[in-house]
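A quick write-up on the structure given underneath.
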2 protein chains.
Amino acid sequence: MKAKLEEILHQSSRLMAKKAYHGTSMRDLACQTGHSVSGLYNYFKNKEELLYLINYNGFSAITDTLNRTLETMHGPQERLYALIYNHIHYFMAHRDEMKVMMMGTQEMALEKSRVIREIKDKYTQTSQEIVREIYQAETGAAPDKKEISRKTFLLFGMMNWIFGWYSPKEHGDTEALINDVYTTFLHGLSGEKTSFPACAGLFKK
Amino acid sequence: MKAKLEEILHQSSRLMAKKAYHGTSMRDLACQTGHSVSGLYNYFKNKEELLYLINYNGFSAITDTLNRTLETMHGPQERLYALIYNHIHYFMAHRDEMKVMMMGTQEMALEKSRVIREIKDKYTQTSQEIVREIYQAETGAAPDKKEISRKTFLLFGMMNWIFGWYSPKEHGDTEALINDVYTTFLHGLSGEKTSFPACAGLFKK
DNA sequence: AATATGAATGAACGTTCGTTCAGAAACTAC
DNA sequence: GTAGTTTCTGAACGAACGTTCATTCATATT
């Protein structure tokens, strides 16, 4: 009953990860899950709700495990590592769901997309807080709000883009990946600013 | 004539950036461009070709400007900065196109997707070469192929994810963003590896 | 003025879309 | 074995999809 919905959500993620939301038809999904088309509607109200449930379950899971982990960690570096470890490990175990979750909430009803946005905002806020703490701990300087925001999103970029290229065979195991992200971000954060004003002028708009 | 196709491609990017490929209908596009539905077919063979042209023009432009710029730059740091500057500036000026280009080539005919993949592969190769050079220059160590590959993709992640969050008002101007990416990656690359083996055990699978 | 050329159109084609619904099938409880 | 309940299904719905085509329109050439 509940397990069947979970299976439908997973298969739905597999299809939508390949062909996107509008490219995946209810008939495709019925074929993939072994149900009839009409039978699927016993488990959810409509197609749009599928997208919502995948997003809701995914983002809820990732924030829940992070918050539970952070309760026992208080050092800035450990907390940053926990954030990265949690994020990447979740997405490694749910790559199709991840891709669907990256697609945005455009196709959802307004109220549903607001629920998802709130979870994401809270996750972003937690992450920015961790980045702010470690910035202060590493540099001792007063953190600029815009800069913290930018750098947090750069971290997200490194982590979220993984689904587009990573394969263990070609790029090493997950631990190496996590360490690269952690090392890159930590040292990058505390590195002194280096600009190339002379260089920038060389490019024509 | 050619200008009208360019305009159609741009409007197509705008729509597809919002609603994805399958979510954008020929009728939507006709309405957006002011043409009739059938009139659009004077400018391209079919809908799938639209996706191809957006991708081809975009990736061609970005690689062409990069290659032209790299011809006059020989220092590893300058070359890295040029890569980042070129990538981010192009995507800032073509955000909708960028989003479409990130959607992948799943909906294209096989031969067309192969053309796109070849351009992307060459761009990746050039970037990896730059990263390899700077890794050697900064650390003096022999570069591990897998590590270079991973870190190059982390750089791409920081840059490609920008379209999902950046707004000048909230996160500062483009130059600050470019500098953050450059600084983060440069210092992150040469930073010594820091791992948390004790920490990793704290997480349950 | 007549003709040739390419651009643009409305109507229609056959498919496929998400969704519904009356009823069959399967399972429980008495 | 019968009645009640839940699970599932095939057929069908109207709407929207990408694409085609016989025309019309606009412009340029002779």
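Residue numbering restarts at 1 for every chain, and letters A, B, ... go by the order of the sequence lines.
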Q) Charged N to carboxylate O below 4.0 Å: is that the case for B/Arg79 and B/Glu133? A) yes
Q | Heavy-atom closest pair, residues A/Met26 and A/Leu40 | A |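 Distance-wise, the nearest heavy atoms are O-CD1, 3.8 Å.
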Atom [atom1] of [X] and atom [atom2] of [N]: how far apart are they, to the nearest Å?
X       : N      : atom1 : atom2 : answer
B/Asn42 : D/dT24 : CG    : C1'   : 13 Å
A/Glu7  : D/dT7  : CD    : P     : 18 Å
A/Leu40 : D/dC8  : CG    : P     : 10 Å
A/Leu50 : C/dC17 : CG    : C1'   : 15 Å
A/Leu5  : D/dC8  : CG    : P     : 12 Å
A/Tyr43 : D/dT7  : OH    : P     : 7 Å
A/Met16 : C/dG18 : CE    : C1'   : 12 Å
B/Leu15 : D/dC17 : CG    : P     : 12 Å

Q) B/Tyr52 ring centre to B/Lys45 NZ or CZ under 6.0 Å, with the angle to the axis within 45°? A) no
Q. With sequence neighbours excluded, what pairs up with B/Arg14 under the salt bridge (charged side-chain N to carboxylate O under 4.0 Å, His left out) test?
A. none
Q) Which residues pass the salt bridge (charged side-chain N to carboxylate O under 4.0 Å, His left out) test with B/Glu129, sequence neighbours left out? A) B/Arg132
Q: Five pairs at each end of the helix from C/dA8-D/dT23 to C/dC30-D/dG1: take the axis at both ends and give me the angle between them to 10°.
A: 20°
Q | Sugar-phosphate only, base, or nothing, as touched by A/His22 at under 4.0 Å among non-hydrogen atoms | A |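 The residue A/His22 makes no contact with any strand.
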Q) Is the number of heavy atoms from other residues, nucleotides or ligands within 6.0 Å of OH (A/Tyr90) greater than 12? A)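 Yes - once you tally the heavy atoms of other residues, nucleotides and ligands closer than 6.0 Å, there are more than 12.
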Q) Distance check: side-chain N/O of B/Lys4 vs OP1/OP2 of C/dA8, anything under 4.0 Å? A)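 So the side chain of B/Lys4 is within the cut-off, an N or O lying under 4.0 Å from OP1 or OP2 of C/dA8.
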Q. Taking only side-chain nitrogens and oxygens of B/Ser25, does any of them come within less than 4.0 Å of OP1 or OP2 of D/dC17?
A. yes
Give each protein N/O atom lying under 3.5 Å from an N/O atom of nucleotides 19-23 of chain C, with the pair distance.
{"unit_1": "C/dT19", "atom_1": "OP2", "unit_2": "A/Tyr41", "atom_2": "OH", "d": "2.7"}
{"unit_1": "C/dT19", "atom_1": "OP2", "unit_2": "A/Lys47", "atom_2": "N", "d": "2.9"}
{"unit_1": "C/dT19", "atom_1": "O5'", "unit_2": "A/Tyr41", "atom_2": "OH", "d": "3.3"}

Q: Any side chain to side chain donor-acceptor pair (under 3.5 Å) involving residues 106-115 of chain A? Give me the pairs, sequence neighbours left out, ordered by first then second residue.
A: A/His22-A/Glu107, A/Glu48-A/Lys112
Q. Please, which pairs that meet side chain to side chain donor-acceptor pair (under 3.5 Å) have at least one residue in residues 117-126 of chain B, sequence neighbours excluded?
A.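 Qualifying pairs: B/His87-B/Tyr123.
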Q. Do A/His187 side-chain atoms and A/Thr183 backbone N/O form a donor-acceptor pair below 3.5 Å?
A.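 Yes, because the side chain of A/His187 sits within donor-acceptor range (under 3.5 Å) of the backbone of A/Thr183.
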